[in-house]
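First the structure, in the form of structure tokens, and then the observations on it.
These numbers come from the heavy atoms of this one structure, side chains and all, not from hydrogens, waters or symmetry mates. Letters A, B, ... mirror the listed sequences (proteins, then strands); counts begin at 1.
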There are 2 protein chains.
Amino acid sequence: MSSPNRSSADTKDQILDAADEFFGTLGFAATSTRLIAERSGVNKALIHYHFGSKQQLFTNVLDRYYARLEETVRTHLGQGDNARERLLHLIDSYVDFLAENHLFSRMIQREILGGQHVERITQIMLPMFQLGRAVVQSTYPETKTGPLEASQLLVSIYGMVVASFSYAPVLEGLWGEDPLAPPALERRKAHLRAMAELVMQRLEH
Amino acid sequence: MSSPNRSSADTKDQILDAADEFFGTLGFAATSTRLIAERSGVNKALIHYHFGSKQQLFTNVLDRYYARLEETVRTHLGQGDNARERLLHLIDSYVDFLAENHLFSRMIQREILGGQHVERITQIMLPMFQLGRAVVQSTYPETKTGPLEASQLLVSIYGMVVASFSYAPVLEGLWGEDPLAPPALERRKAHLRAMAELVMQRLEH
DNA sequence: GTTGCATTTAACCGATCGCCTAAATCGATT
DNA sequence: AATCGATTTAGGCGATCGGTTAAATGCAAC
């Protein structure tokens, strides 16, 4: 009664997978429920039966990612001996997460730009942002004010990290190689680590 | 004969202005030609009469921005005594440009993410990217290889610059103030300048 | 085997989409 | 005033959209 039978869960997962693919590559507005149904090999009406509406299907796709992200952050948050190592490790693991879920960053970016789900995204990012700012400020008091204040740093670091993923389709044309392939990812991680270390060195004088 | 009469040019501009607004805020797929016609106070069929299709209207909106951007870059490119000052000035003027045309950055971002106009955007950004890489590499030979190579730096700087604009709707919720208002913009510019100087100091040893 | 419930299906709904057509209107030229 | 091409208009085209309906099917309990 309370536990769903297996075929139902399978169907929902297949729908979520197809929705993930198309929402991530085409965007919400450009993706039709018929396209999702066709790709997942499922009747179109099942989407509304299982998820209610296209909007609710989208939030279900997002929620699945939030769950993965939360788990990733939780397992990687405390790793590292000092604050510096913890921050570097956090950036590294976030890059890995985006690499494994690169459609997620594109989806998030688009929705931030789009306006429809801004409140929800803000609501999710606000505590993470405040936590990050508090950690940075307590570790480096200089970031409480001035040109390197924590809020600005967080936006910059986030922008740097996300850039190579959300711009992947264009970067492939600019770089002449797949930015999401392992060698390019390793070079990107090395660069981001160097940039973070540069900032930290400056903050440590 | 070759010169269009004034009313035609006015109509086209009104259509372009309305298209700009909705493409910038809602995105291409979520904007209907009827909405554009309604806002610009123009008959729906005129859009296709003057621009052929919704797609071509969109590229016309983009081209108008490219013209402004090209003019801005051209007037600001040579300013500054040395390479260091020129790069700092270029970042500053690009931030100003995005501030004055913040719908443009959102449109570009979305299309980079979207996939439909990726080839066109790549085609436009490729020469700028190659030029930027050549300038950075010749100014700082260390950027020819290693973790601070020019390609990575350009992506990072671009990501930092664009972040505060494309994330503006969310940042407003995070910061508690409008990220596009003059005081926030000045603080952002000061931060970006500090970050750029940090990198340059490192490259100059 | 029959009941009862969750799941799946085909067919369809009104609304809206981008786009087109034919006729009306405008405006400069003669 | 008449002409003619450029511009604008109302109306409608087929296609596709998200969503709904009622009937068919699968499946476990009795």
Side-chain angles (χ1 to χ4, degrees), chain A residues 1-62 107 110-111 114-117 120, chain B residues 1-62 107 110-111 114-117 120:
Chain A
M1 1 174 84
S2 62
S3 69
N5 61 43
R6 184 158 82 240
S7 68
S8 169
D10 283 351
T11 301
K12 292 183 74 170
D13 275 342
Q14 287 168 15
I15 294 173
L16 282 172
D17 287 340
D20 177 32
E21 173 183 351
F22 290 121
F23 285 154
T25 54
L26 303 178
F28 179 80
T31 299
S32 71
T33 56
R34 280 169 177 82
L35 188 62
I36 296 172
E38 191 174 322
R39 169 62 58 105
S40 55
V42 140
N43 189 281
K44 175 172 56 73
L46 279 182
I47 292 176
H48 300 92
Y49 174 77
H50 282 296
F51 296 98
S53 70
K54 184 185 174 188
Q55 282 282 351
Q56 292 176 47
L57 170 61
F58 182 75
T59 65
N60 271 271
V61 173
L62 282 186
M107 253 162 55
R110 227 192 306 259
E111 292 313 310
Q116 291 210 8
H117 304 266
R120 179 167 185 78
Chain B
M1 2 172 79
S2 62
S3 68
N5 62 44
R6 185 158 81 241
S7 68
S8 170
D10 282 352
T11 300
K12 293 183 74 169
D13 275 342
Q14 286 169 15
I15 293 174
L16 282 173
D17 287 340
D20 177 33
E21 173 184 349
F22 290 121
F23 285 155
T25 54
L26 304 178
F28 178 81
T31 299
S32 70
T33 56
R34 281 169 176 80
L35 187 63
I36 295 172
E38 191 174 323
R39 170 62 59 105
S40 55
V42 140
N43 189 281
K44 174 172 53 75
L46 278 183
I47 292 176
H48 299 91
Y49 174 77
H50 283 295
F51 296 98
S53 70
K54 185 187 174 187
Q55 283 281 351
Q56 292 176 49
L57 170 61
F58 181 74
T59 66
N60 271 269
V61 172
L62 282 186
M107 252 163 56
R110 227 192 308 258
E111 292 312 311
Q116 289 209 9
H117 304 266
R120 177 166 185 78

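The two residues B:Ile15 and B:Ile36 have their closest heavy-atom pair at O-CG2, 3.9 Å. Taking both residues in full, the closest heavy atoms of A:Phe28 and A:Glu111 are given as CB-OE2, 4.0 Å, listed atom of the first, atom of the second, then distance.
Closest to the B:Tyr49 side chain, of the nucleotides D:dT8, D:dG11, C:dT9, is D:dT8. Of the candidate nucleotides C:dT9, D:dG18, C:dG18, C:dT9 has the atom lying nearest to any side-chain atom of A:Ala45.
In this structure, B:His48 places its NE2 atom 17 Å from P of D:dT7, rounding to the nearest Å. Computed from coordinates, the A:Glu38 CD to C:dT9 P distance equals 14 Å when rounded to whole Å. If you take CD of B:Gln56 and C1' of C:dC20, they are 15 Å apart, rounded to a whole angstrom. B:Leu46 places its CG atom 5 Å from the P atom of D:dT8, with the value rounded to the nearest Å. Straight-line distance from the NE2 atom of A:His50 to the P atom of C:dT9: 10 Å, rounded to whole Å. A straight line from CG of A:Asn43 to C1' of C:dC12 spans 13 Å, rounded to a whole angstrom. In this structure, B:Ile47 places its CD1 atom 16 Å from P of D:dT7, rounding to the nearest Å. Atom NZ of B:Lys44 is separated from atom C1' of D:dT8 by 13 Å (rounded to the nearest Å).
Along DNA chain D, the nucleotide nearest to A:Ser53 and the one nearest to B:Gly41 differ in position, and the one closer to the 5' end is contacted by B:Gly41.
A sub-4.0 Å separation between OP1 or OP2 of D:dT16 and a side-chain N or O of A:Ser32 is absent. Between B:Thr33 and C:dC17, a side-chain N or O to OP1/OP2 separation shorter than 4.0 Å is absent.
Although no hydrogens or angles enter the test, the distance criterion places a donor-acceptor pair under 3.5 Å between the side chain of A:Thr31 and the main chain of A:Phe22. Without hydrogens or angle criteria, B:Arg39 side chain to B:Asp17 main chain gives no donor-acceptor distance under 3.5 Å.
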